[in-house]
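Read the structure below first, then the notes.
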Protein chains: 2
Amino acid sequence: MSIQDVAVKAGVSVATVSRVFNTPGKVTPATREHVQKAASALGYVPNASARTLRTQRSRVLGIVLPTLLNPVFAECLEGIAQAATTAGYAILPLTTDYRLELEDRAVNLLMAGNADGMILVVSNPATSLALARLCNARMPYVLAYNQHPDHPCVSVDSEQAVADLVARLASLGHRRITLVSGQLAASDRAQQRRRGFVRGMEAAGLDGSSLLEVPFVQTAVQEISDVLRRTPRPTALVCSNDLLAIRSIRAAHLAGLSVPRDLSVTGFDGIALGEDLTPMLSTITQPNADIGRCSVELLIQALAGGAPLTQAASICLAHAFRTGESCTAPDAATH
Amino acid sequence: MSIQDVAVKAGVSVATVSRVFNTPGKVTPATREHVQKAASALGYVPNASARTLRTQRSRVLGIVLPTLLNPVFAECLEGIAQAATTAGYAILPLTTDYRLELEDRAVNLLMAGNADGMILVVSNPATSLALARLCNARMPYVLAYNQHPDHPCVSVDSEQAVADLVARLASLGHRRITLVSGQLAASDRAQQRRRGFVRGMEAAGLDGSSLLEVPFVQTAVQEISDVLRRTPRPTALVCSNDLLAIRSIRAAHLAGLSVPRDLSVTGFDGIALGEDLTPMLSTITQPNADIGRCSVELLIQALAGGAPLTQAASICLAHAFRTGESCTAPDAATH
DNA sequence: TTGTAGGCGTTATCAC
DNA sequence: GTGATAACGCCTACAA
């Protein structure tokens, strides 16, 4: 079922059929309709591989994300998909599970697949080899969620956001605040958020060294729970992301504490689900779908203009604080 | 950067280079190494479009899912990705947002993209035009989560699962049980689960007509909450999926009820997050990643054998009941 | 073991 | 306005 068959059935040349699909204006309305009829009668669909081979453009955007099990990236991907579809691009998403070798493999696969451009969330822009290969190959790309002076990035100001959040907690009366983070080495976001935490604590005249790093999901709840049983325990946990916040609330429950009465918990990301939880998650919300949309627009703009994207194109979107119900002033007794 | 360039640089023919990448056994170890060195020096990556065009196989599996915002499908996709990668296939996921026209568009796109086969979760196998087109085109496919006698499906027995669940609630002492469902017309799963509910209720000698259909996410919590304020209110809500269960718990909170003390809530799907919630979600768990993996294996097997897949290949995986904390015997007073 | 050449389905250049 | 044809990068008989 090729353009040949359609041409024969319509009694025209393949060139005409091709024109009907690509530059309909350059063909007589009569023949155009005739060809269209023949095509749909045969159920003809232009072959993407052949077209890509010939034109050297795939109209495919490669998307590299850590995981879709974290709704943050699923939400972002929805934004990407929507914007890409609108612009006439298909997307090819791959996940890396925060592993560098998969980051590399994904980039490889996408280059082989003739992706026109790529949107990626890398573990760390400063050290990513995959990213370096991308630059070498002059492949247009945009980083999402990452933040780095040498690359075009779409993100929020994580550091500032967490610093503000800590200030807010301090003003509520919290003094013993612990940062709960995933593996710091695994992502620049985690590091930025920690910097924000330390800065915020110091600005409030508090001890910013209380850090609980929980690298593995399986053991996270238990480890957090252990910390909460110590004396004196923190009155607030600042979690590096929403999933950790949810696990912290569970950990509190296991330790016999009630959130927010005995312990305040805050998250980071603003996953939609957090709004439906009880207690509703207090968190820093990022415009996840917008980050995706924005990345696509930036990339497509560069694709159209032919100008290589630079760090100058970076966009910092606004974050917000969702009040929620998991965070309040500390109990006077505990305090 | 084509096979040509590598051939020149290595001082061999393009055929030899091709063989090095496809049938390394048919080339001298010496020249093989030589060519490999030349290739990686140039950063050569075989062009997937050209290869697909020539071989008529893309080694790409098309995946059609309703949405990735529901972790069920994200979990399934992870399973698919893992199995596909293991088997040397890439995946191309597209989401339909439960809309039929997008289902159609997705199938179109994947056919144009020369997908070797497809795994899809359709809204309803009995009525899906996209599915019919697929069969016409003799495209190998497997349905996931769907259940239909005329198609190869990988799923759990939803109806039986819900019937069992209702029996369990009844034996705990619940008499007024309401089914909370998403839009029934939007998916065959919702319909199966309702059938299971009705069957279970009748088997327990209870009234199985209490159904609350909440088609829109935005208004779901409010609507459920309204129902819970009526007298007499249900002592248990059987929710058609985990996201609805989470919203039901929120709705109970808004209505001044505590789960599970004043109201039992059960879900369906077994999303991982449910285990971290407080109260931990009582739910019917499906092996989501396995459903994905299994679908891939079935499809690839068919791809290898050349035999078209039939309904005979359908697989029903085991579900389980997670006890959780959101479900208990009804309060004697309310009872 | 290695090389030559034809063709996969499409688009784009050139005639007509 | 329409048709013939070369070329995109690759794989694979077939020949050497």
Side-chain angles (χ1 to χ4, degrees), chain A residues 1-39 42-60 88 90 108-116 137, chain B residues 1-39 42-60 88 90 108-116 137:
Chain A
M1 177 46 38
S2 77
I3 203 173
Q4 249 325 336
D5 306 300
V6 180
V8 171
K9 167 132 188 164
V12 299
S13 75
V14 293
T16 299
V17 178
S18 176
R19 278 190 280 263
V20 167
F21 280 87
N22 296 291
T23 50
K26 298 182 85 64
V27 71
T28 312
T31 52
R32 188 196 313 160
E33 264 187 62
H34 188 59
V35 170
Q36 278 166 341
K37 201 159 299 178
L42 292 169
Y44 166 73
V45 189
N47 183 303
S49 301
R51 175 178 279 177
T52 296
L53 182 58
R54 172 64 227 226
T55 61
Q56 309 287 41
R57 325 179 41 224
S58 60
R59 298 197 79 82
V60 166
N108 244 11
L109 203 61
L110 291 172
M111 307 227 331
N114 289 52
D116 287 347
Chain B
M1 178 48 37
S2 77
I3 203 173
Q4 249 324 338
D5 306 301
V6 181
V8 171
K9 167 131 186 163
V12 298
S13 74
V14 293
T16 301
V17 178
S18 175
R19 278 190 280 261
V20 167
F21 280 86
N22 297 292
T23 51
K26 299 182 82 64
V27 72
T28 312
T31 52
R32 189 196 311 159
E33 266 187 60
H34 188 59
V35 169
Q36 278 165 342
K37 202 160 298 178
L42 292 169
Y44 167 73
V45 189
N47 184 302
S49 302
R51 176 178 280 175
T52 297
L53 183 58
R54 173 61 231 231
T55 62
Q56 307 287 44
R57 330 179 34 226
S58 59
R59 298 198 77 82
V60 166
N108 245 10
L109 202 61
L110 291 172
M111 307 227 333
N114 289 54
D116 286 348

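Below, chains carry the letters A, B, ... as their sequence lines are ordered, and counting in each starts from 1.
Scanning all heavy atoms of the two residues, the minimum distance from G43(A) to M1(A) falls at O-CG, 4.4 Å. Between A137(B) and M111(B) the shortest heavy-atom distance is CB-CE, 3.7 Å. Counting all heavy atoms, side chain and backbone alike, A115(B) lies closest to S58(B) at CA-OG, 3.7 Å.
Taking 4.0 Å as the cutoff to heavy atoms of chain A, we find the contact window on DNA chain D bounded by dG1(D) to dG9(D). Here the range on DNA chain C touched by chain B, meaning any atom under 4.0 Å from one of its heavy atoms, is dT1(C) to dG9(C).
An end-to-end axis angle of 40° holds for the helix from dT1(C)-dA16(D) to dC16(C)-dG1(D), taken from five base pairs per end and rounded to 10°.
The side-chain contact (heavy atoms from CB on, under 4.5 Å) search around V17(A) returns I3(A), V6(A), A7(A), V12(A), F21(A), V35(A), not counting sequence neighbours. Listed by chain and number, the residues in a side-chain hydrogen bond (donor to acceptor under 3.5 Å, both in side chains) with T52(A) amount to none (sequence neighbours excluded). T55(B) pairs by the side-chain hydrogen bond (donor to acceptor under 3.5 Å, both in side chains) definition with nothing, not counting sequence neighbours. For the side-chain hydrogen bond (donor to acceptor under 3.5 Å, both in side chains) test, no residue two or more places apart in sequence or in another chain qualifies with S49(B).
Proximity of V60(B) to N114(B): side-chain heavy atoms (C-beta onward) are nowhere separated by under 4.5 Å.
Counting only residues at least two apart or in different chains, side-chain hydrogen bond (donor to acceptor under 3.5 Å, both in side chains) contacts with residues 21-33 of chain B comprise S18(B)-N22(B).
Looking at residues 16-32 of chain B, you'll see S18(B), N22(B) sit with a heavy atom under 4.0 Å from some atom of DNA chain D.
Mapping R54(B) and M1(A) onto DNA chain C by nearest heavy atom places R54(B) closer to the 5' end of the strand.
A distance of 5.0 Å separates NZ in K9(B) from CG in L42(B), rounded to the nearest 0.5 Å. A distance of 10.5 Å separates CD in Q56(A) from CG in D116(A), rounded to the nearest 0.5 Å.
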message: The test is side chain to side chain contact (heavy atoms under 4.5 Å, CB included); show your working for Q4(B) and V8(B) and say whether it passes.
response: CA-CA 6 Å; Q4(B) 249 324 338; V8(B) 171; 4.2 Å; yes

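Note on L53(B): a base of the nucleic acid sits closer than 4.0 angstrom, heavy atoms only.
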